[in-house]
Amino acid sequence: MNKLLTNKLTTKTFPIKGMHCASCVRVLEKSLGGVEGVSNAVVNLATESATVTFNSKKVTDNDLVSAVANVGYKAGINEELKTEDEQKQEKQKELRNLRNKVLVSLGLGVLIVWGSFPFLMQFSPAILQNFLVQMILAIPVQFWAGWEFYRATIPALKHRTANMDTLVAIGTTVAFSYSAVVTIFPQLVESIGVRPEPYFDVSTIIIGLILLGRYFEAKAKAGTSEAIKKLIGLQARTARVLVDGVEKDIPIERVVVGNVIRVRPGEKIPVDGQILEGESSIDESMVTGESIPVDKTKEDTVIGATLNKTGTFLYKATKVGADTMLSQIIKLVQEAQASKAPIQRLADLISSYFVPIVIMLAIATFVVWYVFGPNPAFAFAMLNMVAVLIIACPCAMGLATPTAIMVGTGKGAEHGILIKDAQNLQTAHKINTVIFDKTGTLTKGKPEVTDVVSTEVILSERSKSKDLILLLAASLEKGSEHSLAEAIVNKGEAEKVKLMKVSSFKAIAGHGVEGIINGQKVILGNRRLMEKEEIKVEEREVERLENEGKTVMILGADGKLAGLIAVADTLKETAKEGVEKLQKMGVEVVMITGDNQRTANAIAKQVGIKRVLAEVLPDQKETEVRKIQQEGKIVAMVGDGINDAPALAASDIGIAMGSGTDVAIESAGMVLINKDLNSVALAFELSQKTMRTIKMNLFWAFGYNVILIPVAMGILYLPFGILLNPIFASAAMALSSISVVSNSLLLKRFKIYPTYST
Amino acid sequence: MDKILVIIFGLLGIAFTFWFFLMKREKEVSVENLPAGKAGEIDIKVSGGYSPEVISIPVGKTTKVNFLRTDPTDCLSEVVLGDFKIRKELPLNQKVTVEITPKEIGEYPYSCGMNMYHGRIVVR
C-alpha cells in the first residue's frame, strides 16, 4: 500500500476485486468520489486498483470499503497489491511442484519397471522383484503424485460430470487395485486360474508420463498468452507531472486528464495526450507496429506507452486509465482471445459427450476381451480397458481452437492488427473481395500540391521560375479559406518561399481569388475565372493534369497566363504495394469514392485497381457493398471507421484503418492501427495461417482419438496381433495435447514484414 | 457362468454410465427479475463443475455472475463465456465477478478453459 501524507490529505492505493470493464471504473470512481472528504479517486482497470486522495480526519478506511461495497465490489484496503512478479512466482511454484511429482513418479516407476519387465528383471536386484516392495514404491505415486486426479474426479462425480482426470483416475486405480490384490492375496487370484502378476509399472508410469505431459503443456500454454502480457507490461509506471511549475513523479494511476507532463529523451510516454511544447521523434512500434519513428511537434497527439527518442517535450494528458489507446487495445485483444470461433462448436458438442462415451467403450472392451479374448482373459481385458481409458484425450480437442486463437490474435496485436473476435478471424480467411474507401484510406486524405507548371505563354523571363509561380499563388491564397488554398500555402511554407504583400484581395465564389501584388493584378482560379478575365488557357496541359485526377488551379498575371498549380489528394506510400499483395492473393480489389469518375479512375490506375465505384455518396456506400455481396462475393470493406460505419457494418468484415489515438476501435471487426496498407493483406494471411493451425489441431485431436481408441480396444489384435500397452497409451496421450499447443505456438513464427511510415 | 456375469455387469455398467453422466437433470437457478437499473446477481460455486450449472437470466438486463473456485483442479482455473467474449482466470478461493448483458433470448454455454466442464446460461 502506498501512503503519501501531505498535511491532512492522505493517498491510498489498494486493490479492488471484481472489476472487469471500463464501466466498473466509472461506477467505482463515482462512488469513491462521492464520499465526503475524498478529493480525488482514480481507478485503474489494468492493475485492478484504486488510488484515493482523502482527508484522513474525515474519511476512515471503512468509509472507503463501504463505498466500494455499495457498488458491488470488494476493496482489499489492507491487502498489498499482488504484483505481477508475485503472480508469476506462484505459477512457477506450481510448476516446480508438478516437476517434482513427475521426477518422483517416473523415478519410482523406472525402478518398478526394472524389477518387473521380463527382459530387464534378469539384471535387477532381487529386492525390486519383490511384489510388496513394488507396491510400497507405487503407493506414493498413486496417492501423492496422482492425488490431483482424485482431487479433480471426486467433486466432478458429485456433479455427475467427468473429465480427463476421471479417466486417468479410473484407469490407474484399476491397475493399482488389481496389483494390490495380487500382491496381498495371491491365492485369491490363483484360485480363479490367473497367474498372480501385478501391474504397478503400468499405474506408476502412466501417472508419471501424464504429469510430464501436463508439465510441458503448462509451460507451452503460458506462451500462448505472452502477447497480452507484453501489452500489459508496456504501461509506464510513473509520470513526471508539472504541479505549480514543479516537476513531480507520480504513479500513473494518479494522472488525470489535463495534467501537464514532461517527457525526456529515452523515456516512456505515460498516457495519451497532445504536445504543448517541444518536438521529438517517437518510436510507436510497440503499440501501432510501425517500425519507423514518427516525428511529432506541437499539437500532435502522442500515445501512452510509446518511447520518446530524441527531444524533450511537454504535453497535456487527454486520455488516462481505461480510456488510453493501450488499455483499449488490451481490452480488445482480451475479448478476442475469449471469443469462440464458429469452427469450435462441433468440438464443443463432441467434448461434452466424450468422456462418458470413453468410459462406456472401456467397459465394453473389458467385457469383449473377457468373454472372447485369449488366456489370461482377465489380464487382457483389464489392460486393454486401462489402455482405452488412458489413451482418450479430450484435452487436445479442448485446446485445439482457443490456443491457436490466442496466439493468432496476439501476434496480430503485436503488429498493429487488432482482430475483434474469433468469428472475424474465421471469416477473414474466406474474403475474396476488398473494397477500399479512397479518401483517407488509400490516400492521405489531405490535398497536396503535386505539380507547379510554368507555361510557355509568359511575359518575362523571371516568371518562368516555378518558385515565382508558387510564391504568387501562396501569397494570394494566404488570405483564402478554401481547402485547396491550404495545400498551396503549406507547399509555399515547405519550400520556404517568402510571401509577398497582397492588396485588394478578393475571393470570387466558384471562380478563385484575385489581388494586387507589386502593382500587378494576379488571379488564381479555375477556367471560368480565366474566361472572365479573357486569359487564354493552355488546355492540353490542364487536361493532362486533370486526367491524372488532379485539381488544376490556373495562375494569371497582368492579363496573361503565368502557370498552373495542380493539387491532389496523394496516395499513401504503401497503397500500391498493399493492393498488389491482395491481388496476388487472388483477392479482387475495388475502390469506392465520392469523387468524379475521372479523378477516381486516375487514382485507381496509379494503384492498379480495375474496378472503381465513383460518385458514390457516403450514404450509398452501404448499398454498393450489399450489391457486391449479392454477386456471391465475401466482402471486406476498408475505411476510416468514422464516416463509413454503415458500409463497414454491412460488409462481411469491416476493417477500420487509422492512426494515433483517433482510431474508432468499436466501429469494425478488425482494426489496423498502423497506416500501412500492407496490413490488410497481412491480416488475411494471419487469419489464413491461424485457421490452418486450428484445422490441423482439430484434425489431429479428432484423428488421434478416432484412430487410437479402437487400437487401444484391440481392433488390430485379430489381423496383426497388435495390442497397445497402457504405458505407450499414456505416452501418446501426453504427447497429443503437447503437440496441439506446440502447433499453435508455431504461429508465432509467422513473419510480419517491417512496416513503412507514411 | 463367469462370462455371463461379466456380460450382465458390463451392460449394467454401460447403462449406469449413460444414465449417470448423460441423463442428469440440470437444476436451473433463475436470477430474480429486479427493477430496471439494478443488476441481478448470482453466485456460482466452482468445484468439480459449476453449481448451479444452469442459470437463467433476464434479457436486456445486466447480471453479475460471481464465480468462486474452491477446487484446485487446474482445468477449472479459467472460465470462458465465449458468446460474451469473456475469459477469466479464477484464482482459488477468490470471488471473480463477470457482468453480462444479453441482448438476445437463447442458450449460451460456458465452460472451463479446456472445455471439460460445462454450464449454460439461459436468457429469457
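What you see is a predicted model, and the numbers here were worked out from it, not measured in a lab.
Across every non-hydrogen atom of P356(A) and L22(B), the tightest pair is CG-CD2, 3.9 Å. Shortest non-hydrogen contact noted between Q337(A) and R87(B) is O-NE, 3.3 Å. Nearest heavy atoms, A162(A) versus F21(B): CB-CE2, 3.5 Å.
Annotation: cation-pi geometry satisfied between R160(A) and F20(B) (NZ/CZ under 6.0 angstrom from ring centroid, within 45° of ring axis).
Residues that satisfy the ring pair (Phe, Tyr, Trp, His ring centres under 6.0 Å) test with Y215(A), not counting sequence neighbours, are absent from this structure. Every side-chain contact (heavy atoms from CB on, under 4.5 Å) that D71(B) has, sequence neighbours left out, goes to P155(A), S47(B), T73(B), L76(B).
Rounded to the nearest 0.5 Å, atoms OG1 (T17(B)) and CD1 (I357(A)) are 11.5 Å apart.
Proximity to chain B is absent for every atom of A422(A), based on heavy atoms less than 4.5 angstrom apart. Using a 4.5 Å cut-off between heavy atoms, E53(B) contacts chain A through its side chain alone, with no backbone atom that close. Looking at P72(B), both its backbone and its side chain come within 4.5 Å of chain A, counting heavy atoms on both sides.
Of the listed residues (T403(A), V367(A), L399(A)), the one with the most heavy-atom contacts under 4.5 Å to chain B is V367(A).
At least one side-chain heavy atom of T161(A) sits under 4.5 Å from a side-chain heavy atom of K24(B).
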